[in-house]
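Notes follow the structure.
Bear in mind that the values here come from a model prediction, so they are computed numbers and not experimental data.
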Amino acid sequence: AREQGWRTKYFNERLAFGPIATSAGRLVNLIQGLHGVHDTIVVVGHSMGGLVAEHAGALGAPINALVTIGTPHRGHSLSRFGPLPVMREMATNSAYLRSVQAIPGPRPPILVIIGARDRLVSKSATRPKRPHTFLQIPNDGHLGVIFDQRTADTILEWADAHARENA
């Protein structure tokens, strides 16, 4: 991304034991600070990070485009058995997921990416209940997909297209 002129910022404020909403609020604050400096903001989130990013977008963070990779937008069936509250927030049909879906207002366009061999998050669970573009990367699992060049190329194409729209 940097080689193609994009500036990148790594957000690692996700709370392993805390509510996803707290992490989303922190991401909103970060993005609002970047918004005055950058013309286009594209957020990329993997797995739970995608839920954090989707929530930040729902809260009105000035995100021009969103990419989620292996994100359980519709929840994960085994998460309801998780020992931590943050794990239970990701459960299928959880109160948390329903509350984010119920937030009114516009959402940034979203590209959903999944590895065809993802055994942690099912293909159907990655599909948000809103319009989205979907890409399945063959031969990759939940973690491998983030290192695949096809994933990077697609994200950059997506980001460039949205940057042109905002120019």
Side-chain angles (χ1 to χ4, degrees), residues 1-16 20 23-24 26-28 30-31 34-35 37-59 61-79 86-87 89-92 96-97 100-101 106-167:
R2 289 182 183 154
E3 291 171 3
Q4 293 188 23
W6 285 91
R7 291 185 176 162
T8 60
K9 175 78 175 162
Y10 181 71
F11 175 78
N12 194 19
E13 302 280 330
R14 186 173 42 83
L15 301 171
I20 298 172
S23 296
R26 290 178 178 180
L27 182 57
V28 168
L30 173 71
I31 292 169
L34 296 172
H35 181 63
V37 178
H38 302 286
D39 296 329
T40 302
I41 296 177
V42 178
V43 178
V44 179
H46 175 254
S47 202
M48 186 193 315
L51 294 178
V52 171
E54 174 74 1
H55 193 165
L59 292 173
I63 299 171
N64 299 99
L66 174 61
V67 179
T68 63
I69 306 168
T71 296
H73 290 281
R74 294 184 184 225
H76 190 281
S77 60
L78 296 178
S79 290
V86 71
M87 295 170 80
E89 286 182 324
M90 293 187 292
T92 304
Y96 168 76
L97 292 176
V100 173
Q101 290 170 5
R107 307 281 174 115
I110 184 170
L111 169 63
V112 174
I113 300 174
I114 185 170
R117 294 187 178 178
D118 191 328
R119 300 294 181 247
L120 185 60
V121 179
S122 71
K123 181 178 173 180
S124 62
T126 64
R127 307 297 285 262
K129 294 179 180 178
R130 68 182 187 93
H132 60 279
T133 302
F134 183 79
L135 173 67
Q136 183 170 283
I137 302 293
N139 303 319
D140 282 327
H142 190 70
L143 292 175
V145 70
I146 62 176
F147 300 105
D148 194 298
Q149 188 62 47
R150 293 167 292 192
T151 301
D153 292 343
T154 301
I155 291 170
L156 287 170
E157 287 174 25
W158 177 260
D160 287 341
H162 289 282
R164 286 189 300 274
E165 287 178 10
N166 295 317

For Arg150, enumerate each residue passing the salt bridge (charged side-chain N to carboxylate O under 4.0 Å, His left out) test, keeping only those at least two apart in sequence or located in another chain.
-> Asp140, Asp148
With sequence neighbours excluded, tell me which residues meet side-chain hydrogen bond (donor to acceptor under 3.5 Å, both in side chains) with His142.
-> Ser47, Asp118
Residues at least two apart in sequence or cross-chain that pass ring-ring contact (aromatic ring centres under 6.0 Å, His included) with His76, listed by chain then number, are none
In chain order, what residues pass the side-chain hydrogen bond (donor to acceptor under 3.5 Å, both in side chains) check against Asp39, with sequence neighbours excluded?
-> none
Test Leu66 against every option in Thr71, Val43, Leu111 by the side-chain contact (heavy atoms from CB on, under 4.5 Å) rule and name the one that passes.
-> Val43
When rounded to the nearest 0.5 angstrom, what distance separates OH in Tyr96 from NE2 in His55?
-> 5.0 Å
From Trp158 atom CH2 to Asn64 atom CG, the distance as rounded to the nearest 0.5 Å = 11.5 Å
Any Arg74 side-chain heavy atom under 4.5 Å of Leu97 side chain = no
Do the side chains of Trp6 and Leu156 get nearer than 4.5 Å, heavy atoms only?
-> yes
For residues 151-167, the salt bridge (Lys or Arg N to Asp or Glu O under 4.0 Å) pairs (sequence neighbours left out) are none
OG1 (Thr40) and CG (Leu34) are apart, to the nearest 0.5 Å, by 12.5 Å
Do you know the tightest heavy-atom contact between Gly70 and Val121?
-> O-CG2, 3.5 Å
Taking the side chain as every heavy atom from C-beta outward, state whether Val44 and Ile69 have any pair of such atoms under 4.5 Å apart.
-> yes
Ala116: partners by side chain to side chain contact (heavy atoms under 4.5 Å, CB included), with sequence neighbours left out = Gln136
Would you please name every residue forming a side chain to side chain contact (heavy atoms under 4.5 Å, CB included) with Leu143, sequence neighbours left out?
-> His46
Not counting sequence neighbours, list each pair that qualifies as a salt bridge (Lys or Arg N to Asp or Glu O under 4.0 Å) and has a residue in residues 43-57.
-> Glu54-Arg107, Glu54-Arg130
Sequence-distant partners of Thr126, side-chain hydrogen bond (donor to acceptor under 3.5 Å, both in side chains), two or more places apart = none
Can you name the residues that form a salt bridge (charged side-chain N to carboxylate O under 4.0 Å, His left out) with Arg127, not counting sequence neighbours?
-> none
Can you sort out the partners of His35 under side-chain hydrogen bond (donor to acceptor under 3.5 Å, both in side chains), two or more places apart, ordered by chain and number?
-> none
Donor-acceptor contact present, side-chain Thr92 to main-chain Ser77, <3.5 Å | yes
With His73 via ring-ring contact (aromatic ring centres under 6.0 Å, His included) - residues at least two apart = none
Heavy-atom nearest pair, Ala159 first then Val42, reads CB-CG2, 3.8 Å
Starting from the C-alpha separation in whole Å, work towards a yes-or-no answer on side chain to side chain contact (heavy atoms under 4.5 Å, CB included) for Asn139 and Arg117.
-> CA-CA 6 Å; Asn139 303 319; Arg117 294 187 178 178; 3.5 Å; yes
For Glu89 and Ile20, indicate whether the former's side chain and the latter's backbone hold a donor-acceptor pair under 3.5 Å.
-> yes
Taking atom OG1 of Thr151 and atom CD1 of Ile137, what is their separation to the nearest 0.5 Å?
-> 4.0 Å
Flag the pair Val100 / Leu51 as yes when at least one side-chain heavy-atom distance between them is below 4.5 Å, and no otherwise.
-> no
